[in-house]
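Inspection log for the structure reproduced underneath, given as structure tokens.
Computed over heavy atoms, backbone and side chain alike; hydrogens, waters and symmetry mates excluded. Proteins get letters first, then strands, A, B, ... in listed order; numbering begins at 1 in each.
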Number of protein chains: 2
Amino acid sequence: MASTAPHLPTQPDTSLPGESRKQREIRLREARILAVARDQILEGGYLGLNMDRIAAQIEYSKGTIYQHFRNKEEILLALVNDALNTRLRMFRAAAAFEGPDRVRLATIGAAAEAFVEHYPYHFKVEQIVRAASIWEKTSPERRQLMQTCEHSCMGTVVEIVHGGVASGDLTLPEGVRPEEVVFGMWSIYLGVQIISHSSDTLADIGIDSPSRSLRLNQNRMLDGYGWRPLSDDFDYSGHMDRVKQQIFRHDQFSQ
Amino acid sequence: MASTAPHLPTQPDTSLPGESRKQREIRLREARILAVARDQILEGGYLGLNMDRIAAQIEYSKGTIYQHFRNKEEILLALVNDALNTRLRMFRAAAAFEGPDRVRLATIGAAAEAFVEHYPYHFKVEQIVRAASIWEKTSPERRQLMQTCEHSCMGTVVEIVHGGVASGDLTLPEGVRPEEVVFGMWSIYLGVQIISHSSDTLADIGIDSPSRSLRLNQNRMLDGYGWRPLSDDFDYSGHMDRVKQQIFRHDQFSQ
DNA sequence: ATACCTTATTGACTATCCGTCAGAAACGAC
DNA sequence: GTCGTTTCTGACGGATAGTCAATAAGGTAT
């Protein structure tokens with residue numbers, strides 16, 4: 001069963017402090033629901049997610065699932081939130097790196113890459129949530145959670161750009177705000193992920209390695225803003241590889 | 001009804017040469033189906049698209065719809081193809097512009113912007129098609145059509161980058177292919193469109209004008225590659241505004 | 001140990017919606 | 001007008017989301 005796959009959004013099987021047996025059972029069951037749901041989505045997208053089949057796989061009745069999640073859409077959003085929380089932790093760890101601000105930003109880039117590798121299903125789910133007017137069917141609490149998380153992610157990165165401006169490494173043109181630079185990085189990242197997760201003819205188009213192109217283009221954009229050290233003067237790619245190996249290799253961020 | 005909205009993917013009501021009354025009726029009916037479907041998707045996404053309701057709105061029975069489209073998903077793909085064909089025509093018109101290659105590329109950017117304004121619903125539909133494992137349910141012919149169209153779009157732009165390299169305005173680093181530059185432009189464009197079409201809190205994050213940021217960041221990326229004239233030495237934004245007004249203002253591209 | 005109350009679980013049931021297809025209606029040739 | 005052909009129809013079958021009354025399990029007081 002795929003529930004033994006790595007990088008599951010599950011909680012550890014150990015008990016949490018001040019938690020009854022019952023509560024633990026419920027928590028573990030919820031994790032199993034999410035794991036099973038994730039597999040079904042990977043298999044057949046939104047339409048592949050089937051409540052009856054989830055029930056059969058976790059060996060509980062369908063009614064029990066609805067005690068955890070108001071509806072199908074809430075399961076999707078729970079998966080997204082789980083991933084986004086992890087990403088936020090990874091970004092914060094990356095932001096704690098000490099060095100020139102542009103290098104710190106590259107460290108965030110490494111975190112973003114590691115995140116994709118930790119949660120290879122995430123962009124599929126996020127895209128479904130963004131597209132299928134699933135949004136409106138979910139509870140405001142979960143929506144709020146997701147927005148807060150995205151906000152904080154953005155904030156973490158914006159702070160680094162501010163740092164670059166403060167240190168004099170980066171001089172933004174008149175009227176350009178740090179948020180716009182982050183928006184650019186985010187756009188490229190999201191665009192690349194969506195294209196590579198939904199186009200099986202990338203190689204035909206002439207893109208052999210989307211992640212290589214991602215790094216390249218993000219770096220060129222920052223070069224375009226004149227943020228020093230320029231990518232010709234510093235081996236950002238080597239730095240990112242190193243950071244990924246040293247900081248983001250283990251599963252310590254899977255919660 | 002919204003079927004009177006501008007920029008419909010409809011064919012003109014006039015007859016085509018060598019077309020019988022019956023054939024014309026069928027063609028017009030198909031256009032009505034697409035127009036009605038588009039409205040339903042805009043209203044409620046993939047789940048808002050309802051075959052019974054389409055039937056009621058076009059005042060034919062459900063069975064008749066299935067004479068035009070094998071299934072629901074084919075309708076989505078038809079909408080996408082319609083839009084992509086138009087985009088290709090717009091891109092080709094833009095590529096015909098004479099001037100420095102980077103200015104020609106900016107003209108393509110103007111076309112891309114005009115396209116978004118002509119087909120404000122397109123990215124919602126494209127996202128659904130990319131996400132919801134709808135792909136597998138559609139006919140190979142239509143899929144092929146879509147891929148060919150994307151291919152040609154890409155090719156049109158790649159040619160301009162090649163031109164830039166040939167003229168000496170752009171010197172690509174060792175091992176970087178023109179396709180990767182286009183991939184970067186495409187990523188930013190797609191990322192921005194998806195974020196702005198599915199996030200209603202952009203202003204909170206600090207992005208007042210996504211399209212302004214799009215232009216800015218694309219230009220900075222090209223600056224990073226050192227493609228002359230740099231965006232500080234040429235008013236690309238002014239050029240794009242002019243082109244949009246002069247070339248892409250009218251509906252001549254709605255077919 | 002038992003009776004009684006509370007909470008958790010179940011799965012049959014309803015509602016919705018996609019896609020089909022046998023029959024009805026319209027069309028056209030003669 | 002008749003008959004063969006094409007087009008159209010909408011009731012039906014099947015799949016699946018979500019509900020809820022009935023049932024089982026768990027906990028507590030006596």
Could you tell me whether the side chain of A:Asn85 and the main chain of A:Asn81 form a donor-acceptor pair under 3.5 Å?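 Confirmed, A:Asn85 side chain pairs with A:Asn81 backbone.
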Between the protein and nucleotides 23-28 of chain D, which nitrogen or oxygen pairs come in under 3.5 angstrom?
none

Residue list, salt bridge (charged side-chain N to carboxylate O under 4.0 Å, His left out) with B:Arg215, at least two apart or on another chain: B:Glu113, B:Asp241
Look at the rings of A:Phe123 and A:His197 and say which category their plane angle falls in: under 30° parallel, 30 to 60° tilted, over 60° perpendicular.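 Tilted, since the angle between the ring planes falls between 30° and 60°.
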Rounded interatomic separation in angstrom, taking [atom1] from [X] and [atom2] from [N]:
X: A:Tyr66; N: D:dT16; atom1: OH; atom2: C1'; answer: 9 Å
X: A:His68; N: D:dA17; atom1: NE2; atom2: C1'; answer: 18 Å
X: B:Met51; N: D:dG10; atom1: CE; atom2: P; answer: 16 Å
X: A:Lys72; N: D:dA15; atom1: NZ; atom2: P; answer: 15 Å
X: A:Ile54; N: D:dG18; atom1: CD1; atom2: C1'; answer: 13 Å
X: B:Gln23; N: D:dT7; atom1: CD; atom2: P; answer: 10 Å

What nucleotide among D:dG18, D:dT16, D:dC8 has an atom nearest to a side-chain atom of B:Tyr60?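 Closest of the options to the side chain of B:Tyr60: D:dC8.
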For [X], report the nucleic acid contact type (base, sugar-phosphate, nothing); a contact means any heavy atom under 4.0 Å.
X: B:Ile65; result: nothing
X: A:Ile26; result: nothing
X: A:Glu73; result: sugar-phosphate
X: A:Arg29; result: sugar-phosphate

Nearest-0.5 Å distance that lies between atom CZ in A:Arg38 and atom CG in A:Leu49: 12.5 Å
Under 4.0 Å from a heavy atom of chain A: give me the 5'-most and 3'-most nucleotides of DNA chain C that qualify. C:dA8 to C:dG11
Comparing A:Leu47 and A:Gly63 on DNA chain D - which has the more 5′ nearest nucleotide: A:Leu47
When you measure from the side-chain N and O atoms of B:Lys62 to the phosphate of D:dG10, is any distance below 4.0 Å, counting only OP1 and OP2? no
Any side-chain N or O of B:Gln67 below 4.0 angstrom from OP1/OP2 of D:dC8?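 For D:dC8, OP1 or OP2 has a side-chain N or O of B:Gln67 closer than 4.0 Å.
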Step through the shown structure and confirm whether more than 12 heavy atoms of other residues, nucleotides or ligands are within 6.0 Å of CZ on A:Arg70.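 No, because the 6.0 Å sphere around CZ of A:Arg70 holds 12 heavy atoms or fewer from other groups.
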Is the number of heavy atoms from other residues, nucleotides or ligands under 6.0 Å of B:Glu150 CD greater than 12? yes
Check whether B:Tyr119 forms a cation-pi arrangement with B:Arg87 (NZ or CZ under 6.0 Å from the six-membered ring centre, at most 45° off the ring normal).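 Because its charged atom misses either the 6.0 Å distance or the 45° angle limit, B:Arg87 does not stack over B:Tyr119.
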Which residue pairs pass the side-chain hydrogen bond (donor to acceptor under 3.5 Å, both in side chains) test when at least one of the two sits in residues 40-50 of chain A, sequence neighbours left out?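 As it turns out, the side-chain hydrogen bond (donor to acceptor under 3.5 Å, both in side chains) pairs with a partner in residues 40-50 of chain A, which skip direct neighbours, are A:Tyr46-A:Glu73.
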Which residues pass the side chain to side chain contact (heavy atoms under 4.5 Å, CB included) test with A:Arg143, sequence neighbours left out?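 A:Arg143 satisfies side chain to side chain contact (heavy atoms under 4.5 Å, CB included) with A:Leu77, A:Trp135, A:Thr138, A:Pro140 only.
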So do A:Ile54 and A:Met51 actually touch side chain to side chain, heavy atoms under 4.5 Å? yes
Kindly indicate whether the side chain of B:Phe248, heavy atoms from C-beta on, has any atom under 4.5 Å from the side chain of B:Glu117. no
Quantify the bending of the helix from C:dA1-D:dT30 to C:dC30-D:dG1 as the angle between its end axes, each fitted on five pairs, to 10°. 10°
Before you tell me yes or no, could you show the steps for B:Arg130 and B:Glu126 under salt bridge (Lys or Arg N to Asp or Glu O under 4.0 Å), namely the whole-Å CA-CA distance, both residues' side-chain angles and the distance that decides it to 0.1 Å? CA-CA 6 Å; B:Arg130 292 191 112 95; B:Glu126 181 173 331; 2.4 Å; yes
